[in-house]
Amino acid sequence: MIEIRFHGRGGQGAVTSAEILAQAAIDGGAFAAAFPSFGSERRGAPLQAFTRIDDKQIKLRTGIYEPDIVMVLDPTLIESQNVASGLKKDGLIVLNTKKDPEFWAEKLGVRRVCAVGATTIAMEELGVPITNVIMLGALLKADELVNPEFVEKRIEARFPRIAQKEIRAFKRAVTEAKVIG
Amino acid sequence: MEVSLAIAEAARQADVDVVSAYPITPQTHIVERLAQMVADGDLKASFITVESEHTAMSAAIGASMPGARVFTSTSSQGLALMNEIVFLAASMRVPVVMALANRSLSGPISIWNDHSDIMSVRDVGWVSLFANNGQEAYDLTLMAFRIGEDPRVMLPVMISFDGFILTHMIEPIYIFDDAEIEGFIPPYNPQFKADPKTPMTFGPVGVPEIYTEAHKQQDAALRGSREVIDEVFADFEKRFGRRYNAVETYMTDDADVVLLSQGSVFETTQLSVDELRKEGKKVGAVELRMWRPFPFADLQAALKNAKVVVVLDRAVSFGGQAGPLMSEVRSALYPMKDAPPVIGGIAGLAGRDIMMEHYREFFDMGYRYLETGKEPEVITIVGLRQ
């Protein structure tokens with residue numbers, strides 16, 4: 001089973017990221033579960049969302065404390081929250097940052113880092129700083145957990161009016177993300 | 001699919017005539033989706049936008065009396081606010097279906113999940129069943145209409161499923177094609193309808209001469225619903241292959257310590273059983289899916305081989321005997337010859353995560369009892385911060 005924890009702020013789409021990833025995994029024939037951190041959702045407040053993917057029915061319904069992958073959708077959370085908390089040895093961390101992955105690898109003490117300037121891509125492609133789909137592109141570059149085609153289909157279903165823009169942003173992240181480790 | 005949306009889909013596929021509901025977290029997505037379906041013309045039903053849950057249930061009863069198929073849904077404070085009318089739905093014998101997204105009752109104010117809401121309506125006279133995952137919540141919502149509307153039952157049915165843990169969960173759920181479930185829920189045709197052409201009195205005063213007999217009949221009806229529930233479970237299995245039982249069991253045949261629970265924790269309990277079995281410990285898990293009518297014989301049969309039963313309660317009985325589930329299970333086993341001892345603890349109040357080590361602590365509680373014969377302290381809470 002692969003466990004992914006998303007860190008974002010209310011309104012940035014961390015919950016949407018977790019959901020799209022799980023739905024794409026289910027479409028691909030896997031079992032998956034996605035759920036938010038069950039807080040009082042407020043725009044701008046830090047929040048977490050979770051995805052589990054497995055090849056058998058997922059009966060574990062606890063929070064995720066020792067993730068295989070951590071996704072940070074907001075650059076201001078990388079240092080203000082202990083985002084790498086509990087990350088498994090050889091776990092992957094995917095960051096929305098303008099800095100190089102090497103910088104964060106040293107700073108956070110994590111070997112596998114994927115860095116993408118997600119906010120820049122979001123502003124250029126979508127005109128709003130919503131990075132959910134872009135971060136999924138970066139994740140899939142570092143670890144192809146699910147077939148990107150299934151993710152694109154889910155993006156189309158989720159954002160019918162701006163699907164082409166979203167998919168272009170998603171693909172840019174696949175190209176531009178830098179991965180080490 | 002999100003579990004809430006699957007429940008809304010079940011109500012659509014049951015072709016409900018009336019949805020009467022007031023939004024409350026964490027039930028909101030269910031009624032939002034139903035309102036959307038009605039607005040889009042995907043569901044030909046009246047969506048009654050009420051000003052409170054008290055009215056939601058009143059309108060549900062009023063709509064059911066002339067023969068409409070009615071769905072509603074609520075949580076926690078919403079259920080508390082409609083409490084007065086929840087009793088009437090059962091005594092007036094209207095087969096309203098309610099999806100109850102379990103959430104803790106205030107105070108302190110909490111939007112999160114536990115079972116204090118469902119436990120507060122134990123004696124309302126409804127058929128009351130628990131779903132453990134999204135698929136079950138969907139399946140049981142469909143079955144609820146057929147159970148409640150059966151002429152031998154004519155009672156409201158509530159399906160409990162954990163708020164957030166299930167309502168906001170995206171997981172694989174098999175949704176039937178409309179054609180696939182065609183005929184599973186027959187049309188609703190009550191024997192007595194509120195109709196101005198044939199005036200009739202519903203819900204009159206129960207003077208001392210009839211109140212007692214009315215209650216005796218109501219109890220007989222709820223007890224009698226068991227036969228119909230079993231029939232519906234059996235037909236569902238025959239048609240669709242998924243088996244539902246009044247009492248669900250996991251690895252109980254040779255288990256010394258059995259952990260009993262309700263709702264979504266039963267699934268995670270099974271993982272804990274797997275872990276402990278690998279260590280050579282004979283443990284098992286039981287779920288009391290059917291809360292009312294209470295399945296006495298099934299529960300006794302499921303627990304007869306246990307050396308000790310540990311109950312995991314998700315609500316507190318202040319000043320009482322642990323939680324309400326433990327009290328019920330203990331008294332249900334009391335008449336048994338060689339009844340196993342029943343002990344219990346409380347966990348997962350108001351969304352407090354029940355972690356794997358907590359499940360283990362419940363099993364340890366059972367082993368400690370077997371070693372020492374000493375009961376845990378009254379109102380033992382697992383995961384309590386000191």
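Convention: sequence-line order gives letters A, B, ...; per-chain numbering from 1.
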**Prompt:** What is the distance from atom CD of B/E171 to atom CD1 of A/I58, rounded to the nearest 0.5 Å?
**Reply:** 8.5 Å
**Request:** Please state whether the side chain, the backbone, both or neither of A/Y65 comes within less than 4.5 Å of a heavy atom of chain B.
**Result:** side chain
**Request:** Would you mind telling me which of A/A25, A/A22, A/G63, A/A30 has the largest number of heavy-atom pairs within less than 4.5 Å of chain B?
**Result:** A/G63
**Message:** Tell me if the CD atom of A/E102 is crowded by more than 12 foreign heavy atoms within 6.0 Å.
**Reply:** yes
**Asked** Does the side chain of A/I26 reach to within under 4.5 Å of the side chain of B/M1, using non-hydrogen atoms?
**Response** no
**Message:** For the CD atom on A/E149, are there more than 12 heavy atoms of other groups (residues, nucleotides or ligands in this structure) within a distance under 6.0 Å?
**Reply:** no
**Request:** Kindly give the heavy-atom pair with the smallest separation between A/A32 and B/P172, and that separation in Å.
**Result:** O-CD, 3.2 Å
**Request:** Determine whether B/M169 and A/F35 make a side-chain contact, defined as any pair of heavy atoms from C-beta on separated by less than 4.5 Å.
**Result:** yes
**Asked** Crowded around A/K165 NZ? As in, over 12 foreign heavy atoms under 6.0 Å?
**Response** no
**Message:** For B/E279, is the CD atom crowded, meaning more than 12 foreign heavy atoms sit under 6.0 Å from it?
**Reply:** yes
**Asked** What pair of heavy atoms forms the shortest contact from B/M356 to A/L60, and how long is it?
**Response** SD-CD1, 3.6 Å
**Request:** Please tell me if the side chains of B/I170 and A/Q23 come closer than 4.5 Å, counting only heavy atoms from C-beta onward.
**Result:** yes
**Prompt:** Do A/K59 and B/Y250 meet the cation-pi criteria used here (NZ or CZ under 6.0 Å from the six-membered ring centre, within 45° of the axis)?
**Reply:** yes
**Heavy-atom proximity to chain B below 4.5 Å, by part of A/A34** = both
**Message:** If you count heavy atoms of other groups shown closer than 6.0 angstrom to CZ of B/R12, is the number above 12?
**Reply:** yes
**Asked** Above 12 or not: heavy atoms from other molecules or residues under 6.0 Å from CZ of A/R161?
**Response** no
**With A/R61, the side chain to side chain contact (heavy atoms under 4.5 Å, CB included) member among B/I354, B/N133, B/D353, B/N132** = B/N133
